[in-house]
Amino acid sequence: MNQENQLNELLQENKSLKKRIQAIENDKENKKKVRKWLFKKSSNPLLGAKLKKSIQKAILEYKEKKTVSVDTVSDVTSNIVWRFTRIGIFTILMGLIPSLVLIFQTKLLLNQNKLIRSQNTRIEQQTYLVEADRRSSLVFVMGDLLSDLNEELRYKGLGDRRISRTLEARIVSLCTAMKPYKYIQDDQLISKPLSPERGQLLYSLIKSNLTSRAFQDILDNSNFEYADMQGINMGRKVALKYARLANSNFSNVYMPDANLRGVDFKNGELEQVNFSDGDLSKSNFSNANLYKGELLSANLTGANFSGTNLTEADLSEAILWQVKLNSKTDLTGVVLDNAIVERKDWIAYVSDSLDIKGADTIEDRYLIKRTYEGKKQFTIVPKK
């Protein structure tokens, strides 16, 4: 009985194993059919109908004749080349699409950044305009002050051009309140802040014809730095001795024969200014722009030209005793006809020792001539 049971169990187990083996074989067969179907479906898009037929023809020919004709090989080769060329063009086109999208996105981003910068510029301009509007309100205060100045001088008469200490203090306080700011010129913000109000106040005081003592007291106690004076005809014999005018704009100002002794023009814009025949001794022009400035016959004794742009400036017959120069001074195209210096080797000094820009052309164009025997005075004269 036990043997019969064992035999039945073995038969059942055998039947189970056969079913499992059959299932595995069926699964393999199904996978093979799927792969065949996939290859069949993908071969046409991948290889193309012509290439597939040419390959099949070559295989059949080889089975029958054990060789492949030249025409068949040529047909297979040409179809392969044509197919890969087609796929290559398709690949290039597919690669170009994301590139074009990227270029378009980049262009949009650049336009957006440009718009943001434009908006930021407008916001900045509006901010400066609000500040300029607030500070320009001081013009009305200046108008009242100048009206009081006119009344006081008219009351005293032409013989007495002095003003009261109270009015002088008001002028100094107003000048201090007129802070520099940026404003729009030719649809652009100016590069550095200026104070047009200080320039107007200074010009009004100059034309008020105050006594030299009263005017000098105002200059000594007032800060006219950053004053915007560009393009103004100041007239002759203006006295601005020891005035604080650093960072001011005196471009195209006409002010010959002026007393500018000890004036601070540091970092100033003095392009094409006319200071001819003036006293500019011990004045500070360090890092200022004197491009094409006219300083003919000016007294520049002890003036500081460290880092100054003197390109094409006219210093003919100017007194250049002990002027301060350094390697950052630019003397390109400067005119020095009959300028007076204190040393015989002045040209060699600025060319070799200081290595100033433009000094080599001075060496080519000029020479030094002693003016008086026994006196340290030499003249720079053009070479014949």
Donor-acceptor pair, side chain of [X] and main chain of [Y], under 3.5 angstrom:
X	Y	answer
N326	T329	yes
R365	P382	no
R198	E225	yes
Y366	I347	no
S222	C175	no
E294	S276	no
S286	N304	no
S248	A227	yes

If you take all heavy atoms of [X] and [Y], which pair is closest and at what distance?
X	Y	result
S351	A359	CA-CB, 3.6 Å
G262	S283	N-OG, 3.5 Å
D257	R236	CB-NH2, 3.8 Å

Quick check on the hydrophobic clustering: are [X] and [Y] connected, directly or via other members, by side-chain heavy-atom contacts under 4.5 Å?
X	Y	value
Y226	L219	no
I362	Y349	yes
L296	F275	no
L325	L290	yes
V263	M234	yes

Does the pair L167 and R170 meet the rule for a side-chain contact (heavy atoms from CB on, under 4.5 Å), with working shown?
CA-CA 5 Å; L167 187 56; R170 287 175 60 193; 4.0 Å; yes
Check against side-chain contact (heavy atoms from CB on, under 4.5 Å), N338 and I380:
CA-CA 5 Å; N338 299 312; I380 303 174; over 6 Å; no
Got a sec: does the CD of E363 have more than 12 other heavy atoms crowding it under 6.0 Å?
yes
To the nearest 0.5 Å, tell me how far [X] [atom1] sits from [Y] [atom2].
X	Y	atom1	atom2	result
D364	D360	CG	CG	6.5 Å
D330	E312	CG	CD	10.0 Å
Q322	K282	CD	NZ	9.0 Å
L300	I340	CG	CD1	11.0 Å
S306	K324	OG	NZ	7.5 Å
N309	K357	CG	NZ	8.5 Å

Check step by step if side-chain hydrogen bond (donor to acceptor under 3.5 Å, both in side chains) holds for S147 and D144.
CA-CA 5 Å; S147 178; D144 293 338; over 6 Å; no
With side-chain hydrogen bond (donor to acceptor under 3.5 Å, both in side chains) as the test, would you mind laying out the steps for Q230 and N252 before giving the verdict?
CA-CA 6 Å; Q230 55 183 319; N252 296 293; over 6 Å; no
side-chain contact (heavy atoms from CB on, under 4.5 Å) assessment of M178 paired with M142:
CA-CA 10 Å; M178 291 173 166; M142 181 174 65; 3.7 Å; yes
Any ion pair linking D279 and K241 (charged N to carboxylate O, less than 4.0 Å)?
no
Decide side-chain contact (heavy atoms from CB on, under 4.5 Å) for I171 and L145; before the verdict, give the C-alpha distance in whole Å, the side-chain angles of both, and the deciding distance to 0.1 Å.
CA-CA 7 Å; I171 293 172; L145 186 145; 3.4 Å; yes
Connected to V381, directly or through other members, by ILVMFWY side-chain contacts below 4.5 Å are L367
